[in-house]
Amino acid sequence: MTTDNQLRIAILPGDGIGPEIMSVTVEVLARLDRRFALGLNFETHEVGLAALAKAGNTLPDAVIEACRKADGFVLGPVGHHDYPPRDKGGRNPSGDLRIALDLYANIRPSRSYDGLPHYGRTPMDLVIARENTEGFYADRNMHLGSGEFMPTPDLALSVRKISAVASRRIAEVAFRLAKRRRKKVTAVHKVNVLKLGEGLFLREVRAVAKQNPEVAYDEQLVDSMAAMLVRDAARYDVLVTTNMYGDILSDEAAELSGSLGLAASINAGEAHCMAQAQHGSAPDIAGEDLANPASLVLSAAMLLGWLGERHGKQSFLEAQAAIESAIARLVADPATRTRDLGGTLGTHAFGAALCERLG
Ligand code: ATP
């Protein structure tokens with residue numbers, strides 16, 4: 001921590017709708033800081049296209065160092081598909097921060113809300129624990145170079161990396177989460193096709209399952225998991241899976257639960273935690289006051305929860321619960337919903353309604 005009872009929170013607004021939903025998020029955090037005397041100190045750093053224009057890089061090294069020194073940070077969505085190549089200053093802030101700070105656990109909850117339509121056949125309240133540092137991600141599975149390459153103009157090869165250590169630690173996170181929830185873990189895999197990589201992943205998850213007999217454990221193929229999320233998501237509690245399956249399934253789960261605009265996440269390691277909405281920078285609605293800020297606000301709430309556990313501070317856990325229940329009440333009422341939920345409130349009007357609820 002910075003000094004006694006003071007915590008540094010780095011704010012990285014990002015691209016597209018990032019600045020709009022970040023301003024609501026900071027307003028909410030500041031309000032909770034006052035109400036619960038959290039001792040938060042905010043510092044803003046530019047990343048993405050704003051940083052490229054000023055510093056020549058979408059993720060300046062100084063920003064990585066600021067995040068390393070902070071107690072926690074909030075990254076707004078980034079539109080890295082629009083960045084120039086890496087050697088021209090285009091770094092993916094999301095992927096590079098995950099690697100630089102070893103944020104190996106991407107925790108992505110999806111829950112439906114009373115009174116709000118959901119699109120799966122059952123309500124849901126599940127969490128996806130997604131491995132974040134290897135897998136099928138070309139930018140993070142090599143020490144040097146890219147995990148994708150083209151031996152000829154008409155042939156592309158992509159390498160996927162699965163290690164015992166990364167599989168083991170995401171499994172441990174999943175079982176820890178499950179113990180605080182409904183005590184069930186489902187490993188999602190494709191071992192019938194990728195016998196070695198998926199086999200290694202399952203070997204490690206099964207070993208952790210053996211050490212946690214009080215948690216029910218089962219396994220599901222990723223393709224049937226995609227169908228089961230639509231058919232009967234209610235039966236799942238914690239899903240643990242590799243990087244790309246987790247990315248895809250979590251977007252599906254979030255949309256089925258109500259909206260991608262409610263989809264929160266944290267990326268956590270042993271020493272650092274980054275709050276980050278599950279969705280991208282939504283350039284189609286950027287700057288129009290249409291985005292739902294709940295995804296990023298709920299991500300910041302998860303960061304407060306992580307900080308509360310790390311520093312043994314009950315007030316942070318209370319602040320997290322206050323945000324979650326205020327948002328549940330707002331989305332239950334058609335008059336206080338944003339457009340993505342069929343309502344009429346803009347980004348800032350929703351933020352104002354939320355702040356009013358938070359007192
Ligand atoms: P990117 O290029 O950054 O990945 P994208 O538009 O391809 O952006 P998302 O940003 O994930 O992908 O958006 C997918 C769809 O969901 C878009 O139609 C977008 O407008 C919508 N969307 C995403 N986030 C929100 C939000 N917070 N509120 C409302 N709609 C959202």
Side-chain angles (χ1 to χ4, degrees), residues 12-28 46-52 58-59 74-85 90-98 106 108-111 113 116-119 128 130 137-139 243-244 246-267 274-302 323-324 327 330-331 334 336-354:
L12 283 44
D15 302 309
I17 59 171
E20 297 165 74
I21 62 175
M22 188 65 87
S23 89
V24 171
T25 302
V26 173
E27 215 177 306
V28 168
E46 282 179 340
V47 294
L49 295 172
L52 183 70
T58 53
L59 180 64
V74 188
L75 173 66
V78 289
H80 60 95
H81 320 294
D82 299 329
Y83 294 175
R91 290 169 89 175
N92 174 4
S94 174
D96 280 21
L97 283 164
R98 290 172 186 183
N106 187 201
R108 295 186 152 190
S110 277
R111 56 163 290 198
Y113 288 88
L116 182 72
H118 53 81
Y119 304 103
I128 297 179
R130 165 195 175 201
Y137 281 67
D139 64 342
N243 201 342
M244 194 169 284
D247 192 24
I248 296 167
L249 291 176
S250 57
D251 265 30
E252 183 195 353
E255 198 57 37
L256 289 171
S257 74
S259 169
L260 203 44
L262 293 170
S265 84
I266 52 170
N267 302 264
M274 166 169 88
Q276 182 184 29
Q278 289 186 34
H279 55 74
S281 63
D284 52 335
I285 55 169
E288 294 181 36
D289 196 41
L290 289 176
N292 186 349
S295 50
L296 195 61
V297 174
L298 288 167
S299 306
M302 290 177 74
I323 295 181
E324 289 172 353
I327 288 184
L330 286 177
V331 301
T336 48
R337 288 181 189 156
T338 45
R339 303 283 176 97
D340 56 312
L341 304 178
T344 54
L345 290 195
T347 311
H348 288 97
F350 182 86
L354 178 55

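Both counts, for ligands and for their atoms, begin at 1 and track the order of listing.
- In this structure, R91 does not pair ionically with D139, as no charged nitrogen and carboxylate oxygen lie closer than 4.0 Å.
- No donor-acceptor contact under 3.5 angstrom links the side chains of Y137 and N92, judged on distance only.
- Q276 places a side-chain heavy atom less than 4.5 Å from the side chain of R98.
- Counting only heavy atoms from C-beta outward, the side chains of S265 and R130 never approach each other to under 4.5 Å.
- A donor-acceptor contact under 3.5 angstrom links the side chains of N292 and T338, judged on distance only.
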Pairwise, report which nitrogen or oxygen atoms of ligand 1 are under 3.5 angstrom from protein nitrogen or oxygen atoms, and how far apart they are.
from, atom 1, to, atom 2, distance (Å)
ligand 1, 2 (O), H81, NE2, 3.4
ligand 1, 3 (O), S281, N, 2.7
ligand 1, 3 (O), S281, OG, 2.8
ligand 1, 4 (O), H81, NE2, 3.2
ligand 1, 10 (O), G280, N, 3.1
ligand 1, 10 (O), G280, O, 3.1
ligand 1, 10 (O), S281, N, 3.3
ligand 1, 10 (O), A282, N, 2.8
ligand 1, 11 (O), G280, N, 2.8
ligand 1, 18 (O), D284, OD2, 2.9
ligand 1, 20 (O), D284, OD1, 2.9
ligand 1, 20 (O), D284, OD2, 3.0
ligand 1, 24 (N), H279, ND1, 3.3
ligand 1, 27 (N), H279, NE2, 3.1
ligand 1, 27 (N), N292, O, 2.9
ligand 1, 28 (N), N292, N, 2.9

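- Side-chain polar atoms of H279 and S295 form a donor-acceptor pair below 3.5 angstrom.
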